[in-house]
Amino acid sequence: MKTQVIDSLQCAVCGARVSVAQPLSWRCPQANNDDRHHVLHFTGTPSANNFQPVESENPFVRFQELLAWDAFASQHGATLSERREFIERLDAKVESVAKVGFRRTPFARNAELSNALGFEGSGGLWVKDETHNVAGSQKARHLFTELLHLVFAEEKGLAPWGASRPELAIASCGNAAIAAATLAASVQWPIRVFVPESVDAVVLNTLKTLGAHVEVCVRQPSDPAGDPCVLRFQECIARGSLPFGVQGTENAWCLDGGRMIGLEMLEQFPNTQQLHRIFVQVGGGAFASGIGDAMRIAEVQGTHLHAVQTQGCSPLARAWSRAEQTGGTLNAGARWSECMWPWEEVPVSLADGILDDETYDWISICDAMTRTGGFPVVAPESDVVAAFELAQKSSGINVSPTGAAGLAGLMTYIAKNKGNYEQENIAVVFSGVLRS
């Protein structure tokens, strides 16, 4: 692959551009409280030089020159070695709280699951295990580039708040909240977390132990359509807090770190074999967006991306269908209101971590599935339950129902394609640990 020279952020809806050098460039400049249908994506051109990973187990160091944050810091005078030292310094702070820093996580063919699902010969199910990552899931990867941006801007005098830091804010029901609170604690930054009333007691206790201010959000009859946690979060941002979450619409820099898991997977997969499909669970969409963008950067051929949602909440699959009907699934951002809107029913599934009322980062996922010849998969609840039980029984990984939802999508796909998958190499990500 070529080294990517990222120079700007461009809105996938209105086309507005922001220089990568601009600090605190969270949202499209055209977005406002009445029109939030905008999202910034990182843009640039490949250089003439082939990219060579740095010899490091830290993915943010290993793929440093592919980070938009690296381009941002470079624009403000930091040398390559200074940028690396900055990453390592913040990683050490994270490790002091999380007891683990950012390191490459395992990605390998799982023999037990492969046998259970009927794979044969050279085919098999490959599992990326994120359960031992910082804060027990992949979410911290998204948030680390936000933290890099914030702390660098603060130390270089690019931030407007001086010695009195504004509060960070996030809307989440679990893994993202814990990851955000962990990273915030590592740099002693106050954070407010908006959670649903169904939040697990273990999550609540963990957040309080990390020093987060927690607000439980109840759906009010007067609320507009959408997740009440996101609505309260947006109100908090309007009062001056900083977005520190995993929706690209609210903070584009989460999409930068999200690419690291995809780049890591593609590097770890044997270059002597073909990876045929990747099934990725989708809530707000930043996770699948990051993997899809990594596939674009790495110029992967022959690998289909499939976004997985549950029958209890599948706004992305609906948006895909609407995009097909209204002009195509590629570059559908200008048709946001025609394609993507909040799920009308109260979302319900055992995989409660992907029950976002709206798939905020739907545009880039549709683009990635279109480029790769993939398509969305809606898993019935019976497959969500069966996938969790199979993962717990056969994988050797203590993954949560949400973390195993990609496997549920694969099981749904297999049921519809019997006899047409056994020789394929297919990947899923076990993205979050089962907390008890």
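Starting from 1, each residue takes its place in the sequence as its number. In what follows, every heavy atom counts, from backbone to side chain, and hydrogens, waters and symmetry copies are set aside.
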Task: The single option from R103, R141, R104, R259 passing salt bridge (Lys or Arg N to Asp or Glu O under 4.0 Å) against E264 - done: R141

Open item on the list: Is the ring pair W69/F86 parallel, tilted or perpendicular, if the boundaries are 30 and 60 degrees?
Closed with: parallel

Open item on the list: Check the orientation of F63 and F51. Use parallel for under 30°, tilted for 30 to 60°, and perpendicular for over 60°.
Closed with: parallel

Open item on the list: Check whether S114 reaches the backbone of G124 with its side chain - one donor and one acceptor, N or O, closer than 3.5 Å.
Closed with: no

- [ ] Report yes if the side chains of H38 and W336 come closer than 4.5 Å at any heavy-atom pair, otherwise no.
- [x] no

Task: Heavy-atom donor-acceptor pair, D256 side chain to A68 backbone, under 3.5 Å - done: yes

Task: Non-hydrogen side-chain atoms of L275 and M265 separated by less than 4.5 Å - done: no

- [ ] Give a yes or no on whether the backbone of P166 and the side-chain of W189 come within a donor-acceptor separation of less than 3.5 Å.
- [x] yes

Open item on the list: Can you tell me how the ring of F60 sits relative to the ring of F102, calling it parallel under 30°, perpendicular over 60° and tilted otherwise?
Closed with: perpendicular

Open item on the list: Atom CD of residue position Q220 - does it have more than 12 heavy atoms of other residues, nucleotides or ligands inside 6.0 Å?
Closed with: yes

Open item on the list: When you measure from the side chain of R192 to the backbone of E215, do you find a donor-acceptor pair of N or O atoms at a distance under 3.5 Å?
Closed with: no

Open item on the list: Between K128 (side chain only) and T105 (backbone N and O only), is there a donor and an acceptor less than 3.5 Å apart?
Closed with: yes

Task: Any side-chain heavy-atom pair of E146 and L183 under 4.5 Å - done: no

Open item on the list: Donor-acceptor pair, distance only, cut-off 3.5 Å: does the side chain of T372 make one with the backbone of A368?
Closed with: yes

Open item on the list: According to ring-ring contact (aromatic ring centres under 6.0 Å, His included), who are the partners of F430, at least two apart in sequence or on a separate chain?
Closed with: none

- [ ] Using atom types as modelled and distance alone, determine if a side-chain donor or acceptor of H149 lies under 3.5 Å from a backbone N or O of L24.
- [x] yes

Open item on the list: Would the distance check show the side chain of E381 and the main-chain N or O of L350 forming a donor-acceptor pair, the cut-off being under 3.5 Å?
Closed with: yes

Task: Donor-acceptor contact below 3.5 Å, side chain T145 vs main chain H142 - done: yes

TODO: Would you check if the side chain of S74 reaches a backbone N or O of D70 as a donor-acceptor pair within less than 3.5 Å?
DONE: no

